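In what follows, a structure is listed as structure tokens, so that the remarks can point back to it.
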Amino acid sequence: MIAAVIPAYNESKRLGDVIKKTKKFVNRVIVVDDGSKDNTFDVAKKNADIVLRNVVNMGKGFALKAGFEEAVRERADAIVMLDADGQHDPAEIPKLLAGLKKSDFVVGVRDFSKMPFRARFANNILTLIFRVLFFMNAGDSQSGFRAVKTRIYSRIKWKSNSYGVETEMLANAAKKKIAYSEVPIKTIYHEIYKGTGVTDGIKILLLMIRWRLFPW
Amino acid sequence: MVSGIQAAVMIFAVVMVFITYNYYRRNHLDKKDLVLWTAAWAVLFLAGLFPQSISFLVQSLHIERGMDFFTIAGFIFLLLVVFYLYSIVFRMQKKIERIVLAVAGKKAYRKR
Ligand SMILES: Nc1nc2c(ncn2[C@@H]2O[C@H](COP(=O)(O)OP(=O)(O)OP(=O)(O)O)[C@@H](O)[C@H]2O)c(=O)[nH]1
Ligand SMILES: [Mg+2]
């Protein structure tokens, strides 16, 4: 059984479409409404199989954790995670799942050259530093379009409640030597610079150093 | 003679006593906090009134001037407060996480 976990924060505009498309490729769609102030919850309820709602906004990392725990309870064999804002095309889910045949953790890698300048700059730096710190040849440390075999979830489980989550998952996978693979995905940008800003980038950078130096 | 700095310390202590009491009345502090903080301000007030009373401490610690003692003591105190606040925030964060998860589980929507 395959589950998809979609964290959503004020995404009523694009969420419905994302869920409908995702349903074609997985058995259960789990949406975590992260204390949205718009009607994300109603949109999710209308379309998804399971909807969790955090009464207050806790951050993407926490929302993902809640969704993964639910997928474990549902006895999913594999979990796909993707964003609710339409930056990940659900039609590429089969590609990620195919990657799970030869590994336990698959990351969808974007083409940095197709990004707006600021995003390209930030992703290049963060991914480069990630490679150096964790001795892992990762193509895109920030990508949130991923597939994970449920049995390795406990080994890559993260503590970050906010944007550090992608990096921390990958860092844990590197440290635990999880069988890892990558597939290329589309690079989609709708409204520019809605999410991760400069401060988030700097925070992720400092966190990386912390995870390297203090692994507990 | 009470010097300028002594007067400032004493006025500060008195103002803080009033603020502390007001916080207590508005339920932002409990009785234990009220007693503890008021005692702290009282000590500060007395130190301002009788600066000689701390001079033995200052001398035994080989600190040159009384003012230096206050700077050092203040710095240590601030570090303690930061540590204390950090531990509170950390515990609160964990509690909020547990509450949010519990509520999310109870109110979850599951299509049948
Ligand atoms: N911003 C934000 N997003 C959250 C939160 N919780 C869950 N999410 C979801 O996490 C996903 C990614 O959020 P974005 O803000 O687009 O972050 P991003 O894709 O890394 O950044 P951009 O490249 O600027 O779009 C979306 O599906 C959000 O709805 C939260 O607390 N804040
Ligand atoms: Mg986004």
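Here the structure is a predicted model, which means the values were calculated and not measured. Here is the naming used below: chain letters follow the sequence lines, and residue numbers restart at 1 for every chain. Below, all heavy atoms of this structure are taken into account, side chains as well, without hydrogens, waters or symmetry copies.
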Counting only heavy atoms not in [X] (residues, nucleotides, ligands), do more than 12 fall under 6.0 Å from its [atom1]?
{"X": "Arg210(A)", "atom1": "CZ", "value": "no"}
{"X": "Lys23(A)", "atom1": "NZ", "value": "yes"}
{"X": "Trp37(B)", "atom1": "CH2", "value": "no"}

Selection residues 20-42 of chain B - residue pairs positive for salt bridge (charged side-chain N to carboxylate O under 4.0 Å, His left out), sequence neighbours left out: none

Options Val55(A), Val51(A), Ile50(A), ranked by heavy-atom pairs under 4.5 Å with chain B, top entry: Val51(A)

For chain A, which residues of residues 93-111 of chain B have heavy atoms nearer than 4.5 angstrom: Gln93(B), Ile96(B), Glu97(B), Val100(B), Leu101(B), Val103(B), Ala104(B), Ala108(B), Tyr109(B), Arg110(B), Lys111(B)

[X] versus chain B, the contacting section by heavy-atom distance below 4.5 Å:
{"X": "Glu69(A)", "answer": "neither"}
{"X": "Ala44(A)", "answer": "neither"}
{"X": "Asp34(A)", "answer": "neither"}
{"X": "Asn161(A)", "answer": "side chain"}

